[in-house]
Amino acid sequence: MLLQKFLDRTAFDSYEDFKQNFKINIPESFNFGFDVVDAWAAHDPEKRALVWCDDHGAERVFTFQDIKELSNRAANFFAGLGIKKGDRVILFLGRRWQYWVCAVALHKLGAILIPASTQLTAKDIKYRSNAAGIKAIVAMDDPYVTGQIELAMPEAPTVEHRIIVGGRREGWLHLDSELSRQSGVFERPTGAAATRNEEIFLTYFTSGTTGMPKMVAHDHTHPLGHIITAKYWQRVIDGQLHLTVSDSGWAKFGWGKIYGQWIAGAAVFAYDMDKFVPARLLEKMVQYKPATFCAPPTMFRFMIQEDLSGYDLSFIKHCSTAGEPLNPEVYNKWKALTGLKLCEGFGQSESPVLLANFDGFTPRPGSMGKPSPLYNIDIVDENGISCGAGEEGELVVRDIDKYMPPGLFVELYNDPAATRRVLGGQLYRTGDIAWRDSKGYYWFVGRADDVIKCSGYRIGPFEVESALMEHPAVVECAITAAPDPIRGQVVKASIVLAKGFAGSDALVKELQSHVKKATAPYKYPRIVEFVTELPKTTSGKIRRVEIREQSQQG
C-alpha cells in the first residue's frame, strides 16, 4: 500500500528496466513517524510491525497501532522535558524494543536521533555528548552502560536528562513509568514546529577505524532511500518477518530493522541476544521463521561451522549480507548447505545500499553486485577519470552537484570544511577501492588505507583473505601490511583457526602454498600469525589499523 505512494512502479522486467525506470516520489514534507508508522496504523491497525524476543523467555508482539500509540506517549514525554525539533538525543538501547518506540517519537518531534553502541566507554560518551551537544540520553538498564554514562556526565555539560529503560536508578527518569502517564495522542506539529525534508533527523557516529569518529548527518528523506535496501536487495515481503542481525548502535540497524522494512510493509523480527551464539540464533530462526534474513559475513562464517542438517531453514526465501566483504568460500558453503544464495550488498553509514546483487542477474560469489538505480556509481583514478574494466580505482557517486539522491548523507555535522571536501564537488568519494568487470559487476579490493604496496605491486587484502578462507583450517583472517626494509611492505595474515587445528611452521607453509595456488603468487602472506581473535570495532568490523600499528611496533 505505502510503496505505491512513493513509487511510480514497484515491479520491473529486468535489472536494466529497474536501473533505468526506478524512481522515488518524495513528498514535500516527509516524516517517517507520521507518513509510515501512523499511515500503516490507519490503513491496518492490526498489521504486525515488530516481533521481539530475548534469551530469557520474554516476547512481545507490536502492531503498527501499538507503535503509533507508544511513540505518541514517548513524544509527549520528550516534549514535556523541553525536547524539541533540532535537539539531539542519544539512545543506548541495544536491541530493546523501546528503541523503536523512542526513535519514532523523536522523528515525530523532529529531534535528531543519535544511535549509540552499548559498548562505548566514558571517554567515548563524553566525546559524543560534547561533539553533538547532546540534550538527553536514553539507556538500557545495564550496570556497564549506565556506569560509563555517569562517569562521563561531569564533563558533558549539555546533557540535561538521563532516562533509563527496564529498571530504576537514582538520578534517572524511568521511561516505562513516564510513558504510562502520557496521552496516546500526539498531533502532527504544524508551522515552525513541523519537520522539513532538508532538516537533519538522524546522525551516525562512524566506527572510527582511523581517527576520531565523524558525525554523518542524514535528512528526513533518508528512510525513503532504504526502499531499495529493503524491497529490492533484502527482498522483504509485505506481512512477513524480516531478520537483520544488528543492534541499534549502528547504521546496519537503520538498513535492516526499521525504515525500508516498514515502508515495504514487512514486520521486523528482533532477537535481543545476550551475545552471538550461532546455534542459538539458528534455534530462534527455526522458532520464528523469518522469510528474509540478513547478517554480516562473519556470522555466516560461524554458522556454517555448525551442523546445519539439524535445522530446517526452508522457510527462508532470501538471504543477504553486508558490513564487510563476502568471501566466495562462505558463499559456496552456505549455498551447498542450505540451497540459498547469499546476495551481497555494499554501502556505508553515509548511505543506503549503493551496490547489490539485485533481482534480474545471477550473483557472482565475492562480487558486490551492480549499482542501485538511485546512484550514478563509477570507479575513478586519482584525477576523477573513469577507470576501464579490470582497472582498480576509488568507488564514487557521480553528479551529486546536479542531484542529491535520497538516502545519501547531507553533511558532516558541525564541520562545514569537511563537508565541502566530501560533498562540495561533483563526486562523493567513498574511500573504498574496487574494480568493475566487463559484465558490470563490481568487486571490492579494500579501503584505500588498507591496500598494500609491496615491491611495486598493489595488493588488496580481500583477495588474499578470500584465498585463505578456502582452507579448512581458517575460520577468520585479516590481511594487513607489515613494514619490510627491502620491499617497503609485505603481506601479513592474522588467522583465527578452526576447531581441531593448531598453529605450526608446517601449517604456515601449507597456508602460504595454498594462497600461491589460489591467487597470484606475489600476494602470498610472508608473515603468518595465529591469533585467538581479531581486533574489531564495536560494530564488528575488523580493525586492520590496530593490526598494522602492532606490526610497526615490532
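Residue numbers run from 1 in the order of the sequence given.
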Next on the checklist: Given 3.5 Å as the limit, does a donor-acceptor pair link the side chain of His218 with the main chain of Pro223, or not?
Outcome noted: no
Checklist entry - So, for Pro290 and Phe315, which heavy atoms are closest and what is the spacing to 0.1 Å? => result O-CD1, 3.3 Å
Checklist entry - Any side-chain heavy-atom pair from Glu476 and Phe302 closer than 4.5 angstrom? => result yes
Checklist entry - Does Lys214 offer a backbone N or O that forms a donor-acceptor pair with the side chain of Thr206 under 3.5 Å? => result yes
Checklist entry - For Phe293, which of Phe300, Phe269, Tyr271 qualifies under ring-ring contact (aromatic ring centres under 6.0 Å, His included)? => result Phe300
Item to check | For the student: nearest non-hydrogen atoms of Leu93 and Thr118, plus distance | outcome: N-CG2, 4.2 Å
Checklist entry - Could you give the distance from CZ (Arg128) to CD1 (Ile114), rounded to the nearest 0.5 Å? => result 10.0 Å
Next on the checklist: For a 4.5 angstrom cut-off between non-hydrogen side-chain atoms, does Cys477 reach Ile495?
Outcome noted: yes
Checklist entry - Would you say the side-chain atoms of Lys284 pair up with the backbone N or O of Asp54, donor to acceptor, closer than 3.5 Å? => result yes
Item to check | Asp55/Arg280 ion pair, N-O < 4.0 Å | outcome: yes
Checklist entry - Minimum heavy-atom separation for Thr430 to Leu354, with atom names? => result CG2-CD1, 4.5 Å
Next on the checklist: Using side-chain heavy atoms (C-beta onward) and a distance below 4.5 Å, is Leu468 in contact with Leu511?
Outcome noted: yes
Item to check | Rounded distance [0.5 Å steps], OG1 in Thr480 versus CD in Glu529 | outcome: 9.0 Å
Checklist entry - Can you name the closest pair of heavy atoms from Ile547 and Ser494 and give their distance? => result CG2-OG, 3.6 Å
Checklist entry - Donor-acceptor pair, Gln512 side chain versus Pro525 backbone, under 3.5 Å? => result yes
Next on the checklist: Would you say that Asp272 contacts Arg96 through its side chain, given a criterion of any heavy-atom pair below 4.5 Å between the two side chains?
Outcome noted: yes
Checklist entry - Say you draw a straight line from CD of Glu329 to NE2 of His471; how long is it, rounded to the nearest 0.5 Å? => result 11.0 Å
Item to check | Short side-chain to backbone donor-acceptor contact, Thr519 and Val515, under 3.5 Å | outcome: no
Item to check | Minimum heavy-atom distance between Phe205 and Tyr127, given as atom pair plus value | outcome: CE2-CE2, 3.9 Å
Item to check | Close side-chain approach of Leu337 to Met303, heavy-atom, < 4.5 Å | outcome: no
Checklist entry - Would you say the side-chain atoms of Lys231 pair up with the backbone N or O of Gly260, donor to acceptor, closer than 3.5 Å? => result no
Checklist outcome for this item: From the list Gln261, Gln234, His242, Arg235, side-chain hydrogen bond (donor to acceptor under 3.5 Å, both in side chains) with Thr292 holds only for His242
Checklist entry - According to the ring-ring contact (aromatic ring centres under 6.0 Å, His included) rule, which pairs have a member within residues 342-392, sequence neighbours left out? => result Tyr15-Phe361, Phe18-Phe358, Phe361-Tyr441
Checklist entry - Is there side-chain contact between Leu374 and Ile227, with heavy atoms separated by less than 4.5 Å? => result no
Item to check | Set of residues satisfying side chain to side chain donor-acceptor pair (under 3.5 Å) with respect to Asp274, sequence neighbours excluded | outcome: His56
Item to check | Residue Gln426 excluded, over 12 heavy atoms near CD under 6.0 Å | outcome: no
Checklist entry - Is there side-chain contact between Tyr331 and Lys341, with at least one heavy-atom pair below 4.5 Å? => result yes
Next on the checklist: Using modelled atom types and a 3.5 Å cut-off, is there a donor and acceptor pairing between side-chain atoms of Tyr99 and backbone atoms of Pro115?
Outcome noted: no
Checklist entry - For Arg436 and Asp378, what are the C-alpha separation, side-chain angles and deciding distance, and is it a salt bridge (charged side-chain N to carboxylate O under 4.0 Å, His left out)? => result CA-CA 9 Å; Arg436 176 177 46 218; Asp378 199 4; 3.1 Å; yes
Next on the checklist: Please report whether the ring centroid of Phe409 lies less than 6.0 Å from that of Tyr428.
Outcome noted: yes
Checklist entry - Taking the side chain from Glu394 and the backbone from Val380, do they hold a donor-acceptor pair closer than 3.5 Å? => result no
Checklist entry - Looking only at heavy atoms, what is the nearest atom pair of Trp233 and Cys294, with distance? => result CH2-SG, 3.8 Å
Next on the checklist: Angle between ring planes, Phe22 versus Tyr232, binned at 30° and 60°: parallel, tilted or perpendicular?
Outcome noted: perpendicular
Next on the checklist: Any heavy-atom pair between the side chains of Asn327 and Glu465 that's under 4.5 Å?
Outcome noted: yes
Checklist entry - Taking Asn357 for the side chain and Ser367 for the main chain, is one N or O donor matched with an acceptor at less than 3.5 Å? => result yes
Checklist entry - Under the side chain to side chain contact (heavy atoms under 4.5 Å, CB included) criterion, do Tyr442 and Ile377 qualify, and how do the steps go? => result CA-CA 10 Å; Tyr442 283 67; Ile377 302 291; 3.9 Å; yes
Checklist entry - Would you say Ser351's side chain and Leu408's backbone share a donor-acceptor pair under 3.5 angstrom? => result no
Checklist entry - Would a line drawn from the ring center of Tyr144 to the ring center of Phe92 be shorter than 6.0 Å? => result no
